[in-house]
Each structure stands twice: as C-alpha cells, then as structure tokens.
Asks: 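Before I ask anything, let me first share the structure, which is written out below as structure tokens.
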Amino acid sequence: MAVNVQGMKTWSKLAKNKRRPSEYEIVTTNLQTRNRHRDQAYELSPAPDLAMNEWYRKNVFDSPLQHEDWEEFRDPDQLIYRVYTRTQDVQESYVDGLLDDHNEIDHDAGLKPEWLDVLEHLYTPRRYLQTALQMGAAYLLQIVPASTLTAAAGFQEGDEFRWLQRIAYRTRELQTAHPERGFAIKERERWEKHEALQGLRELMELMLATYDWGEAFTALNLVAKPAADETMRELGSTARHYDDHLLAALVDNQMRDCDRSRRWSTALVEFCAGHGDNKSVIQGWIDKWMPLAEKAIITYCAALPESEGVADTAIERLHAYHRSLSISA
Amino acid sequence: MALLKMEEWYDLARETNWTPSYASEEELYPETMSEDFGIPLNVWETFDEPYKVSYRDYVRAQRDKDVAAYSVKAALARAEFFKNASPHWKALLALHFSAVCWAEFHSASCFGRMTRFGRAPGMRNMATFGTLDEIRHGQIQIYFAYEFLKHDAVFDWCHKSSKTENWIIISLRHALDDIAHTRDGTTAGVMLNMGLEQSFTNLQFVALSADAAKCGDHSFATMLQSIQTDEARHAQIGEPLVRILCENGRKKEAQQMVDISFWRMWKQFSALSGIGMDYYTPLEHRENSLKEFMEEWVIGQFGRTVEAMGLALPWYWDYLKHDIATFHHAQQIGVYVYRATQWWRPIASVSPAEREWLEEKYPGWNDTFGKCWDVVTENIRNGHYDKTVPAPPPLICNMCHLEVSGVAGGEWQPVDYHVDLDGRRYHFCCEPCKWIFELEPARYKGHRSIIDRAFDGTIGPELDDFLNYMGQSEPERGVCGYDYQWIDGYDTPVAAE
Ligand SMILES: [Fe+2]
Ligand SMILES: [Fe+2]
C-alpha cells in the first residue's frame, strides 16, 4: 500500500509533557466536551436560549473559581476504574469478613442497651446522610470542567453509595437482633427530627442547593463531607468504648475512602490556588460554610455518650485539614 | 457463612428519600435539572429496577471483567492482529474509537444527573453504577485505542476529537447533548436509556463484536461484549421510568421522549455502524447487513419492547424501514468523496465483489447508489483523482448534521425539508429531523452547522481554512485507505498513466 502510515509515541495533547504519560493520564484526560465555549457548553442553541447552556455558563464559566485549563488537573492517586474496582473489591472482602466474623459470635446480641440507643439515633439514620453525599458527588461529576475531575468525583460517589449500602446492611442485622427497637423503621423520622442530626441535615440540604461548581466543590468536599466524616470518626472511637468493635472497624475502613476524597480535593486546591483570586475565593467559601459545619458537629457530638471535648476535637481536625490546604497563609 | 443475602437489606438502601426543610423543593430540584411531571414523590418511589446488584457484588464482577479484558496475552495478540489488519479493519477501528471513547465517558455525567436530580431512590442507585460503568467504557476503549497509536497516528483522534469542530464530531455531540446532556434527570433517563442504550448499543456492540471475532480480533470482540453486559444492566433504568410516566397520565410525554431520542440515535448509528458493517468490515467476514441487524434487533426486538411498555411504535416507523436500506449508503459516498474532512483513511469498499454483496443485500443498489460509484470508479480509472472530490460543499441537516441525501440514481427523490424562522432557513434531511426541530425550536435554532459557519464568516473562504478549522492539519486529512488500488478488481484501467 502506498498510503503513508506513521505511528505516534503518545497522544498529541500529552506530548509536551516531559514524563512518559501514565495509564491514568492516557485514559482519563481530555475527554470533556462541555468546557469549550462559554455560551455554548453543549452543541445546541447558545445561552440563554438553551437553559442548560445558561446553567453551565453561570455556574462554571462565570464561577468565581477560575483556571485557564482545568483539564490539566491530575488526581494524585491517579485512580482509574480498573484499579478502583480492584481496590474496593479487596476492601469489600475485608468488610464481608468483619461482618461474617461478628455475626458468627452473635456480636449484636451482646451490645449494651445504652449503646443500642446511640446506634438507633446516630448511626443507622446516617444512610440518609450518605444519600446526600452520594447526590452531592453526583452533581459535582456532571458539572466539573475536566474529565479528570469527573473521574475523581465519580469514584467518590461510588464510595458514598458503598457506605449507604453497608449502613442498610447493618440496620437489618441490628433489627434482627433487636426487633423491639426502632431499627429499620425509624431512621427517616430521626433524620428529619432528631435534634442531634438536624445540624448535619441542614448542612447537607444547603450544600445540595449550591450550584456554582466551585462553591459546590468547596461546600461538599472541603467542608460538609469532611465535617460529616469527622462525626463518623467520633462515633467510631466511641464505639470502641462500648465494645462495638465491628462499628469501629467499619468506620476505620470508611475513613480510607474519605482520605482519598481529601487527597484529590487538596490537590485541586493546590492546582488552582496560585491563579487569580482563587485563594481568597475558596477561603471565603470555607468561612461561609464553616459555621454550619461546626454547628452540625457540635449538635451531633453532644448526643454521643462521653461527649466531653469530642466536638472540639472533631472541629480542630477539620481546621487542621483546612490549614493543610495551599490557601492557608 | 453468616452474611445476609442481598434481598434481606436491599430495600432499605432505596428507602432514602426524606422531606427537606432547610432548602425548598425548588431549590433542591430546579426546573432545568429536575422535572417530576406533576407525579407525586410516593409514585416515583415505586421505581423498581428489574436487575438488582449490590455495590459489593458490583466491584467484584467488574474487577473480574477487567482482568479478562486487560490480559497481557490479549494485548500481544491484538498488536499482532493490528499489524496485519487490512485498511478495511483499520478504518473501522479508527472510526469506532474516535467516536465512542469520549462519548461514553461523557455518559457518566448524564447518569450523574439522574442520580442527583431524579426522584426515585432506586434510580439514584442504579445510575450510580451507570456513572461508574461509563467511566469504565471511556477508559477501557481509549486504552485499546492507545495501543494502536504507536502503529498509526490516526488514533490520536480517539483522544483529541472531543474538542474539535470536525463535522462528524459536531454531529455526534449535537445528538448526544440533545438527548443526554441538556435534559432534566428524568427525561435524560428515558432518552439515554431507551433511545440509545436499550435500542442501539446492541447494534454497535453485539454486531461489531461478532464482526470483530470473525476478523480474528478476539480481544476487541471480548471487550465489546463486556461493555455490552454493563449497558444491558444500566439501560434498565428506562423501562420503569416509562411505565411510571404512562401510568400517571404522561404517556404523551414518554412517547415523545422515545420518538425524539430514538431518531436522533438512529441517524448516528446509521452512519457509524452502517458504514462500519456494510463497508468497512472485510467482505469475507460480512454476514449480516445493517438492514438485517436493524430488522432483527431494532425494528423487531426494540419495537416489541416499546409496545410492551404501552407505547406506540414511533410515528416514523414506516419511514425508518425505508431509511435502514438507504441512508447509510448515501452517507458512505459522502464520507469517501469528502475524505479530506476525516481524520481516518476512508475506504470505498465497492470492488466488483463488494458491489455484488451490496446488490444481494440491498436489491437495486447498483441502479441507485451504484451509479454514483460508477462515476467515482471511472474517474479513478482515468487517473482523474481530483474529480473524485466534489467542489461544492454538501448540504448539511440542521438536526442530525449529516449530509442531506436522497436515493441516488433512477429513484432520486430530492425533497427539500426546511423551516424558515427569524430570517434564517434551516435544512433537514428528512421529516423526523424537521419534526424534532419544530417541537422545540428554541433548543436548536441558535446552533450553526458547519456549513452555516462556512457561510457566516466563522470559517475562512479557502478549503485549507475549512479543514484547519475542523482540526485537520495537513497530515490529518483523510486519504483513500487503499490509495485507489481497490479499482484493480475492475478491468485494466482505460487510460491509466
Ligand atoms: Fe457505555
Ligand atoms: Fe451506557
């Protein structure tokens, strides 16, 4: 054949990079189409004729958070789908083992009544909280202006759903062991009305109603999710004192996922902090959302037994996380 | 084992709606993103996904699928296959991968909209898997495409095409953005899952996979099948949604969602799979034609599904039966003659033996589309290669953004479908494309086709301007994949130099 066929070393868009691209970069970069034209994120009538183009212009192109090329963002974990499923399969096997072992020894039957009260009010209703986190991540992944961001938020959504289902699982087990209690029946009512959960619910609902992509990212990944996760961590430590080693171990495992979310969130802040006003923009949003987060932590932790100083510890960890971000002076 | 069975706890994981009080319904479910069609929440909560899977089982099953698809042995076999593959097969791979990688990855965002803005907890959870699946489909296919890049630079378009203004990419983006990315969570759920996944992914994946296996590309075949198992699972979001709409007085809306999205996707698949199956698949491996696949999988199977849900067959069903035997033949001519506008190396695939196959599968082909190819063939035999490229630009449909075509030859029936609106004339290739435009002109009227852009000054006057605008630098302009040698099958050239 006279046709001249030549190969290439790597994608032309990655050719300028000094390092050889990783599998993550090869399969995750540059797959977004909606970040090309300010008025026409989608290939239909431009804004304002098409509501979705108006939405994207307002919430992404005109967001106070700006960067000239979001597609350059990289997840520090370089997580790709096939590694995600492999890693989470191993973690889920571990969780299966935990559940199996504890079921074998009739763990739930031995839990103290005062601890069962805590589980009923502060643990099993958290499947609603996980739903809010699942929905929050789902908004992020569909609005973010880079495919590397969609992937990171997508895996985060998977994680939130993972723990939603595990809480549902535990709820049924606890109900079976303690049918006279409110397990599997009263969670919704408690999520809507129990005082200790209202701070978290308020934080979640307001976070979900935030549509500017930068603020939605900040509200969810820098404030609301870490705050919710810190309350989970405190629940887990308390569980140890009440011989609920199962919950303690589950929480430890859940924190692995939360840490991954913090790693890419930290990286995103670092990625854009040096540009324009981004530092003060992000700091402004954190300042706006922190009072709600602190209130949520305080109301939740106050309902924990042995609650002395617990909320302060949790809030301090949240502050420490914020201090670790590239925006802090 | 003292583990609970999934059925014992599954329902709790989809009792997850609560009544918000810190933010209003409207704030949480804004109109652009969310539409409940006036159906009460407790009805949406009856959404029941036919295929249930836990996160736990999902990650295990998906891990296993990927172990098979990414095996090193398969990669070696694939590299070997590619080196020996014919220009037919290379054109097919380049076309497939440059269109699907980003398109699939993008679907993750559509499922994200269903999760965030749909009203049914069961759908929220299924769509979470949908998001993960589509990240997989984007990544695994671009991984395969990357392996070919070192042999052939045309595969660079698998990565770069998403951001270009190439006319084929505009066409695909327009269709997908219309059905999946600019609709509210419920409508997108129906349109993507019914109009694309339930109806056509079968065509692209099952059919292409069978062709791939016959061509000896077993790892490509396995990968495609593995993708289709995901599609078949998450596509089931569509049916319960349609049922809920129909049972609650919204049958008309559901019907319209299916009719619009099915047509939009048909046009895409007609060009993509149609050319792939009837022209780019090497002759010795061809078995079923696009028409035969469409008759069995789509007109038959999908048609029955639509009726079983209580909907009518789309109003254009008879026209579709005509279109499956014609549209892609016309597109194939356009794709070949305007080959510089493509990034891959198009092939004509009209050697005498191939024409025989086409005539057998599409009686009358020789007297219609064949007549156009007679002219192309004659020009090549006379060495008039430049004459095989038409000077005037084609007319492009303002809906599907493919070439406005008819049936060539004796039965040529040029029908000018158009709409005049606000001083602009919009052209359409067919009645259904025009119908979609007229349903919601505001959605479409501000968009400019590649030809509109050539005439409104967006693109410079020279052919080079046009090609560069589309992202076609000189080495990225398609040339005949056989360097015209496909005519060797005809008699000795009349006046070859
Ligand atoms: Fe897919
Ligand atoms: Fe899909």
Side-chain angles (χ1 to χ4, degrees), chain A residues 1-3 5-8 11-13 26-27 30-31 33 36 42-46 49-52 55 80-82 85-86 88-89 92 96 99-100 103-104 127-128 131 135 138-139 141-142 147 150-151 154 157-158 161-162 164-165 168-169 171-172 184 188 191-192 202 205-206 208-209, chain B residues 1-4 8-9 12-13 16 18-20 22-23 27-28 32 54-56 59-60 62-63 66 70 102 105 108-109 112-113 115-116 128 131-132 135-136 138-139 142-143 146 149-153 156 159-160 162-163 170 173-174 177-178 181-182 345 442-447 479 483:
Chain A
M1 222 62 55
V3 177
V5 177
Q6 277 182 335
M8 282 171 78
W11 303 133
S12 53
K13 296 246 169 180
I26 290 162
V27 302
N30 205 51
L31 295 170
T33 65
R36 299 168 305 126
Y42 300 100
E43 192 78 48
L44 296 161
S45 289
D49 281 349
L50 186 79
M52 204 61 85
W55 184 283
I80 54 175
Y81 182 89
R82 68 170 170 143
T85 51
R86 189 166 71 213
Q88 296 302 66
D89 179 45
E92 285 286 273
D96 272 351
L99 293 167
D100 196 13
N103 188 294
E104 209 70 50
R127 79 166 189 268
Y128 290 90
T131 300
M135 290 166 71
Y139 181 66
L141 78 90
Q142 70 186 279
S147 47
T150 292
E157 184 194 329
F161 181 52
R162 176 188 180 205
L164 188 171
Q165 286 207 326
Y169 182 104
T171 305
R172 188 64 85 205
R188 175 170 177 171
W191 172 244
E192 289 176 2
E202 181 180 16
E205 289 180 10
L206 295 175
L208 286 173
Chain B
M1 284 283 277
L3 283 172
L4 299 184
E8 294 177 76
W9 57 266
L12 281 178
T16 49
W18 75 92
T19 310
Y22 298 101
E27 287 167 326
L28 286 167
T32 305
S54 65
Y55 177 91
R56 198 281 152 269
V59 288
R60 177 167 33 217
Q62 298 302 101
R63 172 197 180 151
D66 277 350
Y70 282 95
W102 59 262
F105 194 92
S109 293
R113 182 155 313 134
T115 300
R116 171 60 186 86
T128 297
T131 287
L132 293 171
I135 293 174
R136 172 179 192 241
Q139 294 193 325
I142 205 160
Y143 180 91
Y146 191 73
L149 182 68
K150 59 176 171 288
H151 304 294
D152 192 339
D156 193 36
H159 189 248
K160 74 181 275 190
S162 67
K163 295 232 198 313
I170 291 174
R173 251 189 332 242
H174 190 283
D177 283 354
D178 189 13
H181 300 295
T182 55
R345 292 180 297 276
R443 280 183 76 76
Y444 308 108
K445 67 175 185 162
H447 184 270
V479 293
D483 198 24

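Chain letters run A, B, ... following the sequence lines, proteins first and then strands; every chain starts at 1.
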Asks: If the plane angle is over 60° it's perpendicular, under 30° parallel, otherwise tilted; pick one for A/F161 and B/Y55.
Replies: perpendicular
Asks: Would you mind checking which part of B/H181 comes under 4.5 Å of any heavy atom in chain A, side chain (CB onward), backbone (N, CA, C, O), both or neither?
Replies: both
Asks: In terms of heavy-atom pairs under 4.5 Å, which option from B/E27, B/R136, B/Q62, B/R60 contacts chain A the most?
Replies: B/R136
Asks: In terms of heavy-atom pairs under 4.5 Å, which option from A/P46, A/S12, A/G154, A/A51 contacts chain B the most?
Replies: A/S12
Asks: Quick one: closest heavy-atom pair of B/I135 and A/A151, and the distance?
Replies: CD1-CA, 4.1 Å
Asks: Using non-hydrogen atoms and a 4.5 Å limit, figure out which bit of B/S54 sits close to chain A: side chain, backbone, both or neither.
Replies: both
Asks: Identify which part of B/D66 has an atom lying under 4.5 Å from any heavy atom of chain A, answering side chain, backbone, both or neither.
Replies: side chain
Asks: Mark yes or no for whether A/S45, through its side chain, and B/Y444, through its backbone, hold a donor-acceptor pair below 3.5 Å.
Replies: yes
Asks: Is it the side chain or the backbone of A/E202 that comes within 4.5 Å of chain B heavy atoms, both, or neither?
Replies: both
Asks: Is it the side chain or the backbone of A/W191 that comes within 4.5 Å of chain B heavy atoms, both, or neither?
Replies: side chain
Asks: Contact part of B/F105 toward chain A, heavy-atom cut-off under 4.5 Å: side chain, backbone, both or neither?
Replies: side chain
Asks: Measure from NZ or CZ of B/R56 to the centre of the six-membered ring of A/Y169 and say whether it is under 6.0 Å with the direction within 45° of the ring axis.
Replies: no
Asks: Under 4.5 Å heavy-atom distance to chain B, tell me which part of A/R82 shows up: side chain, backbone, both or neither.
Replies: both
Asks: Run B/H159 and B/Y146 through side chain to side chain contact (heavy atoms under 4.5 Å, CB included) and show every step you take.
Replies: CA-CA 9 Å; B/H159 189 248; B/Y146 191 73; over 6 Å; no
Asks: Hey, does the side chain of A/R127 reach the backbone of B/L12 with a donor-acceptor pair shorter than 3.5 angstrom?
Replies: yes
Asks: Is A/R162 in contact with chain B via its backbone, its side chain, both, or neither, using a 4.5 Å heavy-atom distance?
Replies: both
Asks: Counting heavy-atom pairs under 4.5 Å to chain A, which of B/Q139, B/E8, B/H151 comes out on top?
Replies: B/Q139
Asks: Say whether B/R173 and B/S162, considering side chains only, have a donor N or O and an acceptor N or O under 3.5 Å apart.
Replies: no
